[in-house]
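Here the structure is laid out as structure tokens; the discussion comes afterwards.
Here the structure is a predicted model, which means the values were calculated and not measured.
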Amino acid sequence: MKNKIGVYVCQCGSNISDYVDVEKVRDVISEVDGVYIAKTTMFACADSVQKEIGDDIKDNELDSIVIASCSPKLHLFTFRGVAERAGLNPYNYVQANIREQCSWAHSDNPEGATEKAIQLVKAAVARVKESQALEKLKIPADNSVLVVGAGVAGMRAAIELAEMGTEVAIIEKEHFVGGRSSQWNTLFSTNQTGREVVSKMYQDIQKHENITLYTGAEIIKNDGNVGNFQTSIKIKPRYINPNCSIENPDNFKEKLQKAIDVCPVEVDDEFNFGLTKRKAIYKNYQSEFPECPAIDHENCTKCGECVKVCEDIDLEQKEEVITLNPGAIILSSGFDPYTPETGEYGYEKVDNVITMQQYKRLIELCPDKLTYKGRKIKDVAFIYCVGSRQPEGEKKYCSRYCCTSAIHTAILTQKKYGDVRNYHINRGIRTYGKQEILYADSSKAGDIYLQFNEDTAPTVEPHKKQALVKVQDMLTNGTEIELLADLVVLVTGMQPRKNNNVGEIMKVPKGRDGFFNEVHPKLKPVETVIDGVFISGAAQAPFNISESVKSALSAASKANGMLKFGEIELEPTLAIIDKKDCTWCGKCLEACPFNAFEKVEANGKEIAEVVTAKCKGCGMCLPVCPENAINLIGYTDVEIETLIDALVE
């Protein structure tokens, strides 16, 4: 039982003290049995106050502390660190939330908020009296990382990890690396091309002995735990000898072209978003790496015509499954552009309507003059926020990059063709940071901006060989403006990858927007609730290339920092089994979201055993155990019952 407890009541500037009488809380708590020190402070998380708390622990030989402040989600590890630096076991600390649960929730009742705060702090004091000095668990870890996705974020993370001495395996579901970036030409801000960015990273990967690249590969199963995952990877064959283009590149290109020419299969080319066709044998663009082509087995009829002219083609290659044992995993699986519904702003109903990604490819396919379906394009109308900032459904978020991408593309169009007029029909331009310069350049170049709100969306109708766009312009007091456009470009947002089951396999939670969720956007921006699994790039949120690279560097740094010493520290707040009472009914395993239980033989009977490296201490198993044979270290029945008793006094 702890009898020298330090209690610190935070004002949080005025977030707490405006509605909670912190002085009264301190005075009442100072009389509670076992409280040795009780203080108020302006900001408990400030460096100076952290030092003061540490000095109090040392000078007064405190055996536990309570911080009454904001949510422990924000500063649990901050104050654990304070305790540890002062020589106090960090698990002899409890945080009482009197901001979110008191001052903010009861701002209309300061007296009631104060009384509730007193009870919460009393409960925290009661609980910390029963707290145990715990030691973190240590498990061995292999300094290797599996990166899922070979787009810009994935490749950058792999390169950074390899430079720090970590062994890296990078897998890409497609047969070519680069993700979406390989499809774009000139990129905003840097004016580099997507090919230049992807080519440089791919060459770095090829040169680095610490990196192994698998294309046509995806995760089909994952087991194990942080430090030693057992990940099964399915690899689809290319049906072409992978070394053929290296051994004799000129001869191979000639034979490949013959094989492409005789191939009878044509399908929509996804690289050009369906604007063109490709054969079942494909590697049509310089920005696609590796250099070796691939055969689209789903559409290939195995007619054998290609084999007759190119002996390096082998249609009998089989899928293979390999097992990797990474210590950590980084998910960088990217995004898909939103595809409008049929009829949305005339999409697939009006002949002149295409998406932003199609328009970007169209510019690359038209070297001299801008044409679409044989017609010259002079007037282009961009409609913004298609698939983003929607009032209903999952697409309420802003995709952030779309405004800048559209404006940058409009500027490039004018520079390349000279006689194109651009109309930007938007819901408010969001070219944040230095990207605002592009908006200024576009305005100076004569681009016209019209603004609508969510209740008065523009309409698109066919009008002879053009499209008639009607919009109620907020900038002219709701005047209905009509314009004729040769091409309507729907500026589409980002959405999570379709058919991306890696999240379910890895048990990584997703947010309401469908992207992978981090633990905390500021304190743990690339960590997930699964130890050893990190996220980066547009798999996490709508990011541009620069932001994706920054998140990739962060994920790489976190993964390397976790693995480089050969062992990992885990939280000791784990489930424990009372072997006398457990009779193995399996309900704990059914309830556990992390598969942290297994059946074992002990003392002549079957019982449950906790896999410590998988257990997150979530407590889901406790209420389902019919024998009450499970307890949770750090949240034992005694601690929680004592806390409840203090609350109801």
Side-chain angles (χ1 to χ4, degrees), residues 150-151 155 170-185 193-196 198-203 205-207 212-218 233-322 358 361-362 364-368 371 373-374:
M155 288 195 292
I170 179 168
I171 65 172
E172 169 55 48
K173 190 174 184 180
E174 303 300 328
H175 285 297
F176 302 99
V177 304
R180 296 295 175 192
S181 298
S182 64
Q183 294 173 284
W184 316 137
N185 192 34
T193 65
R195 170 179 167 76
E196 290 171 343
V198 172
S199 176
K200 174 66 168 62
M201 289 188 177
Y202 176 71
Q203 299 304 327
I205 285 174
Q206 289 297 99
K207 289 185 294 186
T212 304
L213 172 66
Y214 301 92
T215 57
E218 60 182 316
I233 310 293
K234 180 178 71 175
I235 303 176
K236 297 181 295 185
R238 301 181 84 89
Y239 302 103
I240 297 176
N241 173 12
N243 296 318
C244 55
S245 60
I246 299 173
E247 295 166 353
N248 195 343
D250 293 333
N251 184 42
F252 174 73
K253 287 180 181 179
E254 182 180 338
K255 290 189 294 182
L256 172 67
Q257 190 57 55
K258 290 180 181 178
I260 292 175
D261 291 339
V262 300
C263 178
V265 178
E266 277 195 340
V267 296
D268 286 341
D269 188 351
E270 62 274 13
F271 190 89
N272 285 330
F273 300 101
L275 291 175
T276 58
K277 300 286 186 180
R278 67 160 170 83
K279 296 295 186 75
I281 307 174
Y282 67 104
K283 196 282 178 184
N284 303 324
Y285 304 98
Q286 291 183 330
S287 55
E288 292 183 301
F289 298 95
E291 296 289 350
C292 181
I295 291 179
D296 178 359
H297 193 57
E298 290 184 4
N299 291 298
C300 175
T301 61
K302 287 197 173 182
C303 65
E305 294 299 318
C306 57
V307 179
K308 296 176 183 177
V309 297
C310 184
E311 65 273 13
D312 289 307
I313 296 175
D314 179 7
L315 297 178
E316 301 305 316
Q317 289 181 4
K318 305 296 183 183
E319 286 184 349
E320 62 175 317
V321 175
I322 63 172
Q358 288 176 312
R361 290 306 307 159
L362 181 66
E364 295 308 306
L365 296 171
C366 297
D368 301 318
T371 61
K373 293 186 176 180

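Between the Q183 side chain and the F271 main chain, a donor and an acceptor come within less than 3.5 Å of each other. Between the Q358 side chain and the F273 main chain, a donor and an acceptor come within less than 3.5 Å of each other. Using modelled atom types, one side-chain atom of Q317 and one backbone atom of Y239 make a donor-acceptor pair closer than 3.5 Å.
Under the salt bridge (charged side-chain N to carboxylate O under 4.0 Å, His left out) rule, E270 has a single partner from K277, R180, R278, which is R278.
Within the 4.5 Å cutoff, side-chain heavy atoms of F289 are placed close to those of R195. E319 is listed as a side-chain neighbour of P237, based on a closest heavy-atom distance under 4.5 Å. Counting heavy atoms from C-beta on, the side chains of H175 and K283 never come closer than 4.5 Å. V262 has its side chain out of reach of K308: every pair of non-hydrogen atoms, C-beta onward, lies at least 4.5 Å apart. I170 has its side chain out of reach of V177: every pair of non-hydrogen atoms, C-beta onward, lies at least 4.5 Å apart.
Across every non-hydrogen atom of A150 and L213, the tightest pair is CB-CD1, 4.5 Å. Counting all heavy atoms, side chain and backbone alike, P290 lies closest to T215 at CD-CG2, 4.2 Å. Across every non-hydrogen atom of I240 and I313, the tightest pair is CG1-CG1, 4.2 Å. The two residues C303 and P264 make their nearest non-hydrogen contact at SG-CD, 3.8 Å. Between C300 and L315, the shortest heavy-atom contact is SG-CD2, 4.4 Å.
With sequence neighbours left out, K302 forms a side chain to side chain donor-acceptor pair (under 3.5 Å) with no residue at all.
For the atom pair NZ (K258) and CD1 (I281), the distance works out to 13.5 Å, reported to the nearest 0.5 Å. Atoms CD1 and NZ, on I235 and K173 in that order, are 14.5 Å from each other to the nearest 0.5 Å. Expressed to the nearest 0.5 Å, how far CE of M155 lies from OG of S181 amounts to 7.5 Å. Here the straight-line distance linking atom NZ of K279 with atom CD1 of I295 works out to 12.5 Å at 0.5 Å rounding. The distance from atom OG1 of T371 to atom CG of L365, rounded to the nearest 0.5 Å, is 9.5 Å. In this structure, CD1 on I233 lies 11.5 Å from CD on E320, to the nearest 0.5 angstrom.
For R238 and F176, the positive end sits near the middle of the six-membered ring, less than 6.0 Å away and at most 45° from its axis.
Here E364 does not pair with R361 in a salt bridge; the nearest charged N to carboxylate O distance is not below 4.0 Å.
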